[in-house]
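To start, the structure itself, in structure tokens.
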Amino acid sequence: MFESLNEKLSLALKGLRGERTLTELNVAESIKEIRRALVAADVNYKIAKEFTDKVKDKALGTENILKSVKPGELMVKIVMDELVALMGGQAEGLNLNANPTIILISGLQGSGKTTFTGKLANFLKTKKNKKVLVTACDVYRPAAIDQLTVIAEQVGVQIFKDPENKEPIIIAQQAVEFAKENKFDVVILDTAGRTSVDEDMMTEISMLKSKIQPQETLFVVDAMTGQDAVNTAETFNARINFDGVVLSKMDGDTKGGAALSIKYQTGKPIKFVSTGEKMDALDIFYPDRMAQRILGMGDIVSFVEKAQEQFDEKEAKKIESRIKQNKFDFNDFLTQMQQIKKMGDLKSIMGMIPGVGNALKNVNIDDNAFKKVESIIQSMTPQERSNPELLNMSRKTRIAKGCGKNIHEVTAFIKQFDEMKKMMHMMSKGNNMANMMRNLKR
Ligand code: GDP
């Protein structure tokens, strides 16, 4: 898998290994090679160009503060991060909360729908402990029902079928009723495909979707078809607005284009990859692991990550000691904010706290709040940043003008900063809550 892409990317990055600094010239050369490698892997030119533009900006924009990391190594890490981002960042699971959860499987004929239906049933049964019903809604190909029957038996789940019935919607409705009566957790609907996108198939699958209202609609596509896979995905998505993609036949000689560009082109995440004909040949799609396979060079990436962690740790210790000495200033504050931003957006950071994730689902956390604070601090002189007590009214007015905020916003932020500083200083001294409140009132 991805052999040629891997080779070409390695070559593109190898040139930078010996360089002492990243310059416009050496970065541009490497970037050109990376873009070529992506296009050869069947990534469309626009995506490849955007990708390499981002890598270039980052490479030239980040001053390498990690003394132990060579510029070429930093570049490998930048490419890795961008590959992960291109494929969606984080793994996306299935929504299995409904009772029963209905999962609709769509895709062209031969893409691997029926095989995936069996694999998914097996996965949900063995890994998630679910009682699964598979349903044969392909009424056109008689062999399709038999194929699903064999697969269901193989993985040990029940099948719902009605060979006399030629109405997929009715079969699906009956299957859902049957699942409710018999307390199944999940119903998977295997549908009919055609050899190419056609109107009848699209009408049928979109009607099925609107009548049955599945919690998950998955689109299965043969990864070996490269750019075609992406085009078919776009067409299906425009009609049925699916929730996720399954890349099948990833064990074959795939160039990588589909894996790299489907998320970008459709906005929908890849949820699973299918890697063989056996029923357990199914993997959850993890963008970071996939990027790792595409780029290789795991040793360099983890080396850079470690150096970054050590650097972060050193910075954290420095700030801790400044808090203890009550010397925390706006520079430290900026550093802290940048650390947080490195971890992702505010909402996803808070979402990692157990129990908070779901509660935040419908809450809009404004990342712009960060920007506002940043712009206020950036309008201060270096002297003011390291001596917050200098900030009198005339300085505050000047800062407000400089960052285009009103004076109240600036004053409010500085007041908050002072309070936070006091609080952190007290906490660092291990004061108890009562003392802290008393001191705060002073
Ligand atoms: P459907 O028409 O979409 O239901 O496709 P099938 O599930 O019948 O699959 C078509 C062919 O591809 C069958 O021969 C499968 O065994 C094969 N197939 C499906 N998934 C994979 C896979 O991940 N790897 C490989 N090598 N073959 C697969």
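Side chains included, hydrogens not; waters and symmetry mates left out as well; all remaining heavy atoms used.
The side-chain hydrogen bond (donor to acceptor under 3.5 Å, both in side chains) pairs that include a residue from residues 115-130 are Lys119-Ser274, where partners are two or more places apart or lie in different chains. Judged as a ring pair (Phe, Tyr, Trp, His ring centres under 6.0 Å), the pairs with a partner in residues 89-134 (not counting sequence neighbours) are, in order, Phe116-Phe272, Phe123-Phe272.
Between Val373 and Leu334 the shortest side-chain heavy-atom distance does not fall below 4.5 Å. Contact check for Phe160 versus Ile171: side-chain heavy atoms found under the 4.5 Å cut-off. Using a 4.5 Å heavy-atom cutoff, the side chains of Thr101 and Leu94 are not in contact. Annotation: side chain of Gln227 is in contact with side chain of Gln265 (closest heavy-atom distance under 4.5 Å). Between Phe328 and Met424, the closest side-chain pair of non-hydrogen atoms falls below 4.5 Å. By the 4.5 Å heavy-atom criterion applied to side chains, Lys255 and Met224 are not counted as neighbours. Side-chain contact between Lys263 and Lys268 is absent, with no heavy-atom pair separated by less than 4.5 Å. In this structure, the side chains of Phe236 and Leu108 come closer than 4.5 Å at one or more pairs of heavy atoms.
In this structure, Asn165 contributes its side chain and Glu167 its backbone to a donor-acceptor pair below 3.5 Å. Of the possible polar contacts, one joining the Ser106 side chain to the Leu218 backbone as a donor-acceptor pair under 3.5 Å is found. At distances below 3.5 Å, at least one donor-acceptor pair connects side-chain atoms of Asp332 with backbone N or O atoms of Asp329. Checked by atom type and distance alone, the side chain of Gln213 pairs as donor or acceptor with a backbone atom of Ser210 at under 3.5 Å. Under a 3.5 Å cut-off, the side chain of Ser248 and the backbone N or O of Ser111 do form a donor-acceptor pair. In terms of modelled atom types and a separation under 3.5 Å, the side chain of Ser30 and the main chain of Asn26 share no donor-acceptor contact. No donor-acceptor pair under 3.5 Å is formed between the side chain of Thr217 and the backbone N or O of Leu104.
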### Message
What verdict does the side chain to side chain contact (heavy atoms under 4.5 Å, CB included) test give for Ile270 and Met87, after you've listed the backbone C-alpha separation in whole Å, the side-chain angles of each residue and the deciding distance to 0.1 Å?
### Response
CA-CA 8 Å; Ile270 300 173; Met87 290 187 285; 5.8 Å; no
### Task
Report the C-alpha distance between Asp81 and Lys54 in whole Å, list the side-chain angles of each, state the deciding distance to 0.1 Å, and finish with yes or no for side chain to side chain contact (heavy atoms under 4.5 Å, CB included).
CA-CA 11 Å; Asp81 288 348; Lys54 273 194 204 150; over 6 Å; no
### Query
Could you walk me through whether Val79 and Ile34 pass the side chain to side chain contact (heavy atoms under 4.5 Å, CB included) check?
CA-CA 9 Å; Val79 172; Ile34 296 174; 3.9 Å; yes
### Query
Taking it one step at a time, do Arg322 and His425 satisfy side chain to side chain contact (heavy atoms under 4.5 Å, CB included)?
CA-CA 9 Å; Arg322 293 175 61 76; His425 177 56; over 6 Å; no
With a 3.5 Å cut-off and sequence neighbours excluded, list the donor-acceptor pairs that the side chains of residues 198-209 form with protein atoms.
| residue | atom | partner | partner atom | Å |
| --- | --- | --- | --- | --- |
| Asp198 | OD1 | Asp200 | N | 3.4 |
| Asp198 | OD1 | Met201 | N | 2.9 |
| Asp198 | OD2 | Arg194 | NH1 | 3.4 |
| Glu199 | OE1 | Arg239 | NH1 | 3.2 |
| Glu199 | OE2 | Thr203 | OG1 | 3.2 |
| Glu199 | OE2 | Arg239 | NH1 | 3.3 |
| Glu199 | OE2 | Arg239 | NH2 | 3.2 |
| Thr203 | OG1 | Glu199 | O | 2.8 |
| Glu204 | OE1 | Tyr140 | OH | 2.2 |
| Ser206 | OG | Met202 | O | 2.8 |
| Ser206 | OG | Thr203 | O | 3.3 |
| Lys209 | NZ | Ile240 | O | 2.8 |
| Lys209 | NZ | Asn241 | O | 3.1 |

Can you give the donor-acceptor pairs under 3.5 Å from side chains of residues 177-190 to other protein atoms, not counting sequence neighbours?
| residue | atom | partner | partner atom | Å |
| --- | --- | --- | --- | --- |
| Asn182 | ND2 | Phe178 | O | 2.8 |
| Asp185 | OD2 | Lys131 | N | 2.7 |
| Asp190 | OD2 | Thr114 | OG1 | 2.8 |

List the atom pairs, with distances to 0.1 Å, where a side-chain N or O of residues 143-155 and a protein N or O form a donor-acceptor pair under 3.5 Å, not counting sequence neighbours.
| residue | atom | partner | partner atom | Å |
| --- | --- | --- | --- | --- |
| Thr149 | OG1 | Ile145 | O | 2.6 |
| Thr149 | OG1 | Lys161 | NZ | 3.1 |

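The distance from the CG atom of Asp288 to the CD atom of Gln90 is 9.0 Å, given to the nearest 0.5 Å. If you take CD1 on Ile376 and CZ on Phe333, they are separated by 9.5 Å, rounding to the nearest 0.5 Å. Rounding to the nearest 0.5 Å gives a distance of 9.5 Å between CG of Leu38 and CZ of Arg35. Considering CD of Glu50 and CD of Glu82, their distance stands at 10.5 Å, rounded to 0.5 Å. Distance check: Gln174 CD to Asp162 CG gives 6.0 Å after rounding to the nearest 0.5 Å. With values rounded to the nearest 0.5 angstrom, Ile47 atom CD1 is found 6.5 Å from Leu86 atom CG.
The pair Asp418-Lys422 does not meet the salt-bridge criterion, since no charged nitrogen lies less than 4.0 angstrom from a carboxylate oxygen. A salt bridge does not link Glu374 to Lys371: none of the charged side-chain nitrogens sits closer than 4.0 Å to a carboxylate oxygen.
Remark: the Tyr286 side chain and the Gln292 side chain contain no N/O donor-acceptor pair separated by less than 3.5 Å.
Here the closest non-hydrogen pair linking Gly118 and Met279 is C-SD, 3.6 Å. Considering all non-hydrogen atoms of both residues, Met75 and Ala59 come closest at SD-CB, 3.6 Å. Counting all heavy atoms, side chain and backbone alike, Ala258 lies closest to Leu247 at CB-CD2, 4.1 Å.
Residues satisfying the salt bridge (Lys or Arg N to Asp or Glu O under 4.0 Å) criterion with Glu216, sequence neighbours excluded, are Lys271. Take Lys249 and apply the salt bridge (Lys or Arg N to Asp or Glu O under 4.0 Å) test, not counting sequence neighbours, and it matches Asp222. Residues passing the side chain to side chain donor-acceptor pair (under 3.5 Å) test with Glu164: none are found, sequence neighbours excluded. With sequence neighbours excluded, no residue forms a salt bridge (Lys or Arg N to Asp or Glu O under 4.0 Å) with Lys211. For Glu320, the side chain to side chain donor-acceptor pair (under 3.5 Å) test picks out no residue, with sequence neighbours left out. With sequence neighbours left out, Ala233 forms a side-chain contact (heavy atoms from CB on, under 4.5 Å) with Phe219, Phe242, Ile262, Thr266. Residues passing the side-chain contact (heavy atoms from CB on, under 4.5 Å) test with Ala40, sequence neighbours excluded: Lys8.
The aromatic rings of Phe413 and Phe330 are tilted relative to each other, their planes meeting at an angle between 30° and 60°.
Sparse packing is recorded around CD of Glu29, with 12 or fewer heavy atoms of other residues, nucleotides or ligands lying under 6.0 Å away. Environment of NZ in Lys166: crowded, with over 12 heavy atoms of neighbouring residues, nucleotides or ligands closer than 6.0 Å. Summarising the local packing, CD of Glu7 is surrounded by 12 or fewer heavy atoms from other residues, nucleotides or ligands at distances under 6.0 Å.
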